[in-house]
Structure formats: structure tokens, C-alpha cells
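In listed order, ligands and their atoms are each counted from 1.
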Amino acid sequence: MRRDRQGDPTVTSLATIPNTKVRTAIFPVAGLGTRFLPATKATPKELLPVIDRPLIQFAIDEARAAGIERMIFVSHPSKSAIERYVHTDTDLSETLRGRGKDSIADALDAAALDPDEEQVHFVMQDEPLGLGHAVLCAAEKALPGPVAVILPDDLIMGETGCLSEMIEAYGRAGAGHMVATMEVARDEVSAYGVLVPEGEMTGNVLKASGMVEKPAAEEAPSLQAVVGRYVLDGSIFDDLRHQEPGLGGEIQLTDSIARGAARVGLCGFRFSGSRFDCGSKAGMLRATLAYAGQRDEFQQVLRDHQPLALAAE
Ligand code: G1P
């Protein structure tokens, strides 16, 4: 299996590509997933399924729908199952086809990343030094221009993918850094990066002068929490290289975004979909119920269990 596939078929046309084109998505997937132990003892948390679809697949599909050309997974050596999962498995597909299960093989092939057709890179983050450090690990593989960052355990379901919406708004927003935001209750702000807004929301965009990582409720500059989708000016890597450890002794992505805000501009983007915190058990359960609700085959199950759920309240 190839870890670093070099050779960019699009490189010759670089000069003609405007600098705001978002061509790279970075997926930080090195975390240990301690909140889901023992489930995550042998299975990376990004491969935990929402019914039959691993979290990472939702993230990959969102990046593809947004026209991303290169996907960089920042993983950990103990999580090689992610590499096995994301790549095409020709042996498995052939076995399935040999047994007449062509439609399953077709679906698998369509979901997987084919290194002959798509640019896929795996880089390793050996130590848990923070989200900012994870993003920096991808620097050498990123294409020129702004980069997207997708945190797969923030699952966002909606008619249009969150990253597609953001990239669509990015050129018009006039800010180098754009972060997905949603309003949360004051007692929840300490779980998030929080925007320091400048003025009011215009359409879906809220200009900001900075961001604070996980502030105490009484010190929060706003209730605009950042969820795991970012479109960041390419200068983020330089800022991360010089970033001192912040909250928890980690290199915080939030701190480098805040540092670049005055130079390249920063805004929040209010996305239209529903976000599920699949890093938490309750969020995973909510996502599962929402996903089941979209599929005919589970309608009866949901109806059967509604009285039970109400009885437990
Ligand atoms: C990370 C970021 C935080 C952001 C959150 C979104 O925190 O550091 O700014 O609000 O993701 O899910 P984590 O949840 O990894 O602690």
C-alpha cells in the first residue's frame, strides 16, 4: 500500500489557478478516541459506523462533493486500518464479483479512494501534540493556496455538504480564514473554539477579529462556536510553525487562526446542515437516529422504539 503518492497530474496548470481555489483537504485522524474505549481499542474512532457508514466516509464524500483534489490524512501508526479502509481493495471487490455480488462491489469501489485516480496522502503524527500540530504535519503535502480541514467526528448532515457551502462562500467573504460556526448555549462554550465577532452576521458570514480556544463560560467573547470545518489561508502553516503551545500544552489550531486574523482576515460561516458531535456517545446516537430517519428500511424500527424512548425520559 502506498503512503505517499507523489506526482500531481494537475501541476502543469498551477499558474492559471486563482489563489483562492481550495484544492487540498486535511483530515486529522491521529487521535486515540479514548471517549469510545473499549470500542476504539482495535478500531480507529473514524471507522466507527453510523449504521453502516464509517465516520471517515462521510468526511471523504463531503470533500469530494466540494471538488477537493488532494486528501491528506494525518494519522497514527497504530491506526493503519484507516489506510486499509479508504483505499480501493481490488481483491475484495474481485471476490465479491466472483460471487455475483456486483452491486456491493460497485458501491465499495465508488466509496473508496483510488490512488491511480485521486491524490491521497497519509502522513503520521506520532505524538498527540494538538490539532494545530496535526495540520502542520500535512504542510509538505498540501497544494498551493488555501486548505480545508475536516474533523471527521464532527458529522454534518444536510442537503449541501458543509465544505461545499463554505468554499462557495469563501471567495466572496473576503477573509483568508473561514471557520464553520454555530451558536451554542453559554454553558457549552468551553468545549469549543469561540469567535470574537466584529459586528453582525451578514447573510451566513460573520466577520471576526479573533478566536479563543475553549474559554470559560463567563469569559467567552461570544456564543459562536467553531465546529470541525475550516478553510484556511495557506499562511496558516507559517503561523503554525511559530506557534507556542497553548491550552493543555498543545499546539492549538485556534491560536494560529487568531494570529493570522489581523493579516488575512477571519470570518465564521453559518452552515445549513445539522451537526452531530460524534466524538461523544450521545452525539453518535443522535447521528445514528437521524441517519436511520433518512432511510426507508428503518422507519418501522424507529416507530417501534419511539414509545420506549419516551418511557425512558
Ligand atoms: C477542536 C478544536 C475546537 C473546535 C472543536 C470542534 O476541539 O480545538 O476549537 O471547536 O474541535 O469540534 P476538540 O473537540 O478536538 O477538543
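- For atom 16 (O) of ligand 1, the nearest protein heavy atom lies closer than 4.0 Å.
- Looking at Arg229 against ligand 1, nothing comes within 4.0 Å, counting heavy atoms.
- The two residues Leu195 and Met211 have their closest heavy-atom pair at CD2-CG, 3.8 Å.
- Taking only nitrogen or oxygen atoms, main chain and side chain alike, Asp154 reaches within less than 3.5 Å of ligand 1.
- Annotation: Gly193 places an N or O atom under 3.5 Å from an N or O atom of ligand 1; distance criterion only.
- Remark: distances from the non-hydrogen atoms of Lys214 to ligand 1 include one below 4.0 Å.
- Just one of Val212, Leu223, Thr254, Val184 meets the side chain to side chain contact (heavy atoms under 4.5 Å, CB included) condition when paired with Tyr192; it is Val184.
- In this structure, Glu140 places its CD atom where only 12 or fewer heavy-atom neighbours from other residues, nucleotides or ligands lie under 6.0 Å away.
- What sits closest to atom 11 (O) of ligand 1 on the protein, heavy atoms only, is Leu151 CD1, 3.5 Å.
- For ligand 1, the atoms closer than 4.0 angstrom to any heavy atom of Thr254 are 9 (O).
- Using cut-offs of 30° and 60° for the angle between ring planes, the His87 and Phe122 rings count as tilted.
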Item to complete: Take Phe276 and Phe58 through the ring-ring contact (aromatic ring centres under 6.0 Å, His included) test and state the conclusion after the steps.
Response: CA-CA 12 Å; Phe276 300 91; Phe58 286 91; 9.6 Å; no
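- Using a 4.0 Å cut-off to heavy atoms of Arg275, the atoms of ligand 1 that qualify are 12 (O).
- Atoms of ligand 1 lying under 4.0 Å from at least one heavy atom of Tyr192, given by number and element, are 10 (O).
- The shortest N/O to N/O separation between Val226 and ligand 1 falls below 3.5 Å.
- Between Pro28 and Pro152 the shortest heavy-atom distance is O-CD, 3.8 Å.
- Here the side chain of Gln252 pairs no donor or acceptor atom with the backbone of Glu213 at under 3.5 angstrom.
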